[in-house]
Amino acid sequence: MYNFLTGPMVWITFLVVVVGLTYHVVTYIRGLDWRLDRVGYRPNMQHGLKGAARSIFFWILPWGSHGWRAKPLFTLLFFSFHIGLLFTPIFLEAHNIMLKDSWGIRLPGISAGLADFLSWVVVIGGIFLILRRIAYPEVRILTSAYDYMLIVIAVSPFLTGLIARYNVGNYDFWLLIHIITGHVWLLSLVFTKLNHVVLFFLSRAQLGMDYGIKRGGMKGTQMTW
Amino acid sequence: MPEGILCNKQPIVTDEQLKLTLGDKSGKQYYAEMEQLEVDTDKLWSTIQNTMKSRLKTWLNICAKCGLCADSCFLYECNDRDPRQVPSAKIHATLGEIVKRKGKVDNAFMRKCMDIAWSWCTCCNRCGQFCPHGIDMGVMFSYTRGLLFSQGFVPWELKIGSGMHRVYKAQMDVTTEDWVDTCEWMADENSEEWPGLEIPVDKEDADIMYTLNAREAKHYPEDIAEAAILFHVAGENWTVPSEGWEQTSLTIFAGDWEGCKQQVLHVYDAIERLRPKRVVGTECGHAHRATVIEGPYWAGREDGQPPRPYIHYVEWLAEMLRTGRIKIDPAKRIKEPVTLQDSCNYVRNQGLKNITREIMSYLVEPGYFVEMAPNKEYNYCCGGGGGFNGIGKYRPQRNIALLKKREQILATGCKLVVAPCHNCWDAIRDLEEEYPIGIRWSFLKPLVIKMMIVPDHLKPQDEEGEEE
């Protein structure tokens with residue numbers, strides 16, 4: 001089981017993720033329609049790309065946009081959660097050793113202390129996101145079981161990773177669960193709303209182009225929404 | 001009853017049908033018929049499949065339901081932060097549900113969607129600026145309105161409005177003859193005070209072609225006269241077209257996309273016919289959006305631009321003040337606290353925020369201009385946008401919506417509000433009627449006319465050729 005999950009299954013998952021996310025990107029771009037969207041993408045590409053880059057940049061910068069500044073605490077929670085979520089699995093030493101063993105490449109690693117810290121950030125961040133959904137009526141009304149499930153999927157590999165690392169209970173069991181939840185996490189990037197891992201950039205770019213082309217960009221007004 | 005006599009899936013295209021619908025007081029029969037109107041679910045679903053491309057589809061799918069859009073919506077705030085008014089909740093309860101059910105929705109659901117699409121959202125696009133994923137609920141509600149219109153679920157006034165555009169090429173029953181007469185009348189009426197004042201109709205190759213809002217022709221002809229006076233003083237070589245002068249588009253509020261295209265083509269045809277160097281539109285927000293920002297797309301113009309450079313009135317006026325073609329008498333500058341309403345449709349939707357402030361810098365004595373908070377592209381809708389002002393059925397909801405602007409204006413401490421948009425102007429007028437707070441409101445034209453220096457040669461002369 002362990003060998004399968006860390007061997008062929010890794011290949012399968014990675015392949016599905018790469019193909020799946022590429023599919024999302026390609027269908028998104030192909031599905032844009034200048035007439036229905038009312039954005040002249042092609043003739044105004046330069047303005048559009050500038051707007052897209054601005055839009056993405058200011059929204060991936062913590063407190064970079066007006067929207068992020070309007071909710072400073074949520075922004076802190078949101079960015080910590082996402083940094084932990086993306087940073088930890090890529091730069092974790094243990095993952096890198098596996099990468100080196102199988103593909104012969106390795107990325108710079110982070111210290112165990114930092115990895116622990118970031119994992120805790122994800123777990124605690126996830127708990128806060130759940131509490132927030134329960135506490136605020138304006139978020140509660142939007143929330144369904146699916147939204148809770150996504151948080152659980154996102155957080156599980158980190159929680160199980162921590163349990164395994166701290167040797168709470170049976171290490172092998174928790175390691176196996178960690179690997180399984182890791183696969184679920186990766187596959188969910190394709191099959192659930194977690195596809196925003198790529199679609200965020202496309203959707204932001206689209207609105208950025210809209211602003212860059214017809215909503216002020218070509219009038220020389222840069223609106224940092 | 002699949003379709004009613006007044007309430008049905010067909011847009012109004014004849015004068016007879018228009019009069020019939022107009023004759024139905026407050027749309028009583030119309031709304032009664034709407035309760036029986038059958039939903040063509042197959043057509044609804046096929047329309048969605050044909051028109052809902054990746055942008056809207058993705059927006060619906062990737063909404064993270066984070067609720068960050070809540071506070072961006074003035075209707076949410078005015079309505080005691082009712083969670084149902086959270087933009088994301090609104091769109092998922094309507095369009096989201098229609099898509100989820102693959103168009104299989106019933107009459108009651110469509111009527112609920114109509115209420116939400118026209119009285120819970122003014123398509124002000126403010127929420128789009130607060131969504132991390134860049135989802136613009138205003139755009140989605142405009143789309144939803146289109147679906148509802150195609151199925152006959154549209155407020156009575158907007159069904160009529162769309163019909164007016166289709167029958168009269170204007171949002172009101174102003175015929176070409178009425179319009180040309182109004183121009184002549186206004187030129188005559190003011191010729192004594194403004195010798196040589198003209199409103200040239202259909203002059204070819206002029207520097208400027210002026211387009212406006214049919215309400216001006218019908219109810220506020222003095223606005224046309226004011227425009228003429230300012231062009232006259234600035235020494236513009238200008239004209240108005242006899243056909244294609246109506247710049248507004250109630251069709252955009254109604255969700256009548258075919259009607260939108262027809263209307264904007266009248267204006268573009270006039271541009272092609274008269275070949276002006278550029279076109280100036282009146283102080284109106286949605287008119288600008290309809291003919292300049294979205295119109296080119298309805299008309300199928302790939303570059304997204306009208307046939308000639310087409311500017312909003314504030315752009316023309318700022319240019320005149322900047323270049324000194326219109327000069328303000330320093331003694332007459334505004335010396336009381338004054339604030340400015342940012343029209344969503346040309347500020348948030350076309351970035352003209354600094355132009356209006358530049359104008360204020362010429363008109364207002366330093367230290368007296370007070371910004372609203374928030375302002376510029378983050379300013380709130382006047383409370384009556386997107387057709388809200390004109391729908392009797394939703395008047396109570398509209399009146400609640402005015403509370404945000406009231407709060408903003410009160411916070412500035414100003415008694416004078418400059419509102420260079422017909423719709424904002426109306427909403428602020430209604431605001432003072434509904435909740436008297438002792439404010440005055442004005443377009444730019446009358447303010448500038450009162451404050452400008454009139455060159456001697458344009459002043460009325462007495463018989464000996466002396467100035468009066």
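Each chain gets a letter, A, B and so on, in the order the sequences are listed, and its residues count up from 1.
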- request: Show your reasoning for whether side-chain contact (heavy atoms from CB on, under 4.5 Å) applies to Ile141(A) and Arg84(B).
  value: CA-CA 7 Å; Ile141(A) 191 172; Arg84(B) 293 175 306 158; 3.8 Å; yes
- request: Please test Met223(A) against Lys353(B) for side-chain contact (heavy atoms from CB on, under 4.5 Å), starting from the C-alpha separation and ending with a verdict.
  value: CA-CA 10 Å; Met223(A) 295 201 276; Lys353(B) 57 185 180 180; 4.1 Å; yes
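Heavy atoms of Asp37(A) lying under 4.5 Å from chain B belong to its backbone as well as its side chain. Only the side chain of Tyr76(B) comes within less than 4.5 Å of a heavy atom of chain A; its backbone N, CA, C and O stay farther away. Heavy atoms of Ala93(B) lying under 4.5 Å from chain A are absent altogether. Of the atoms belonging to Arg133(A), it is side-chain heavy atoms, and not backbone ones, that fall under 4.5 Å from chain B. Heavy atoms closer than 4.5 Å to chain A are found in the backbone of Asn50(B), but not in its side chain. Neither the backbone nor the side chain of Lys376(B) comes within less than 4.5 Å of any heavy atom of chain A. At a 4.5 Å heavy-atom cutoff, Ser144(A) makes no contact with chain B through either its backbone or its side chain. Both the backbone and the side chain of Trp298(B) come within less than 4.5 Å of a heavy atom in chain A. Residue contact with chain A, scored on non-hydrogen atoms closer than 4.5 Å, involves the backbone of Cys63(B) exclusively. Within the 4.5 angstrom heavy-atom criterion, no atom of Arg30(A) approaches chain B. Of the two parts of Val139(B), only the side chain, counted from C-beta on, holds a non-hydrogen atom closer than 4.5 Å to a non-hydrogen atom of chain A. For a residue to count as touching a neighbouring chain, one of its non-hydrogen atoms must lie under 4.5 Å from one of that chain's; by this rule Gln305(B) touches chain A with the side chain only. Neither the backbone nor the side chain of Leu202(A) comes within less than 4.5 Å of any heavy atom in chain B. If you measure heavy-atom distances from Ala70(B) to chain A, the contacts under 4.5 Å come from the side chain alone. Only the side chain of Phe74(A) has a heavy atom closer than 4.5 Å to any heavy atom of chain B.
Atom NZ of Lys100(B) has 12 or fewer neighbouring heavy atoms from other residues, nucleotides or ligands inside a 6.0 Å radius. Within a 6.0 Å sphere centred on OH of Tyr23(A), other residues, nucleotides and ligands contribute 12 heavy atoms or fewer. Atom CZ of Phe117(A) is surrounded by 12 or fewer heavy atoms from other residues, nucleotides or ligands within 6.0 Å. Within 6.0 Å of atom NZ in Lys193(A), more than 12 heavy atoms from other residues, nucleotides or ligands are found, so the atom counts as buried in its surroundings. Atom NZ of Lys219(A) is surrounded by more than 12 heavy atoms from other residues, nucleotides or ligands within 6.0 Å. The 12-atom threshold is exceeded at CZ of Phe91(A), counting heavy atoms of other residues, nucleotides or ligands nearer than 6.0 Å. Counting heavy atoms of neighbouring residues, nucleotides and ligands inside a 6.0 Å radius, atom CZ of Arg101(B) exceeds 12 of them. With a 6.0 Å radius and a threshold of 12 heavy atoms from other residues, nucleotides or ligands, Gln49(B) has its CD atom above the threshold.
In terms of heavy-atom pairs under 4.5 angstrom with chain A, the leader among Leu56(B), Asn125(B), Asp82(B), Val347(B) is Asn125(B). By number of non-hydrogen pairs under 4.5 angstrom with chain A, the leading residue of Arg81(B), Lys53(B), His133(B), His92(B) is His133(B). For the set Ser203(A), Gly40(A), Gly216(A), the count of heavy-atom pairs under 4.5 angstrom toward chain B peaks at Ser203(A).
Panel note: side chain Asn44(A), backbone Asp303(B); a donor-acceptor pair is recorded below 3.5 Å. The main-chain N or O of Leu68(B) is never found under 3.5 Å from a side-chain atom of Lys71(A) such that the two would form a donor-acceptor pair. Looking at Tyr297(B), its side chain never comes within 3.5 Å of a backbone N or O of Trp34(A) through a donor-acceptor pair.
We find the CG-CG distance between Asn195(A) and Asn61(B) to be 7.5 Å, quoted to the nearest 0.5 Å. Once rounded to the nearest 0.5 Å, the distance linking NZ of Lys214(A) with CD of Glu294(B) reads 5.0 Å. Distance check: Gln129(B) CD to Ser65(A) OG gives 10.5 Å after rounding to the nearest 0.5 Å. With rounding to the nearest 0.5 angstrom, the NE2 atom of His66(A) is 10.0 Å from the OG atom of Ser72(B). Taking NZ from Lys90(B) and CG from Leu142(A), the interatomic distance works out to 11.5 Å, rounded to the nearest 0.5 Å. Once rounded to the nearest 0.5 Å, the distance linking CG of Asp136(B) with CD of Gln206(A) reads 9.5 Å.
Annotation for Glu302(B) and Pro43(A): closest pair O-CG, 3.3 Å, computed over non-hydrogen atoms. In terms of heavy-atom proximity, Leu32(A) sits nearest to Ser54(B) at N-OG, 3.4 Å.
Arg204(A) forms no cation-pi arrangement with Trp59(B), by the criterion of a distance under 6.0 Å to the ring centre and an angle within 45° of the ring axis.
Contact check for Phe200(A) versus Ile62(B): no side-chain heavy atoms found under the 4.5 Å cut-off. Proximity of Tyr211(A) to Arg348(B): side-chain heavy atoms (C-beta onward) are separated by under 4.5 Å at one or more points.
Classification of Glu377(B) and Arg215(A) as a salt-bridged pair fails, no side-chain N sitting under 4.0 Å from a carboxylate O. A salt bridge does not link Arg55(B) to Asp33(A): none of the charged side-chain nitrogens sits closer than 4.0 Å to a carboxylate oxygen.
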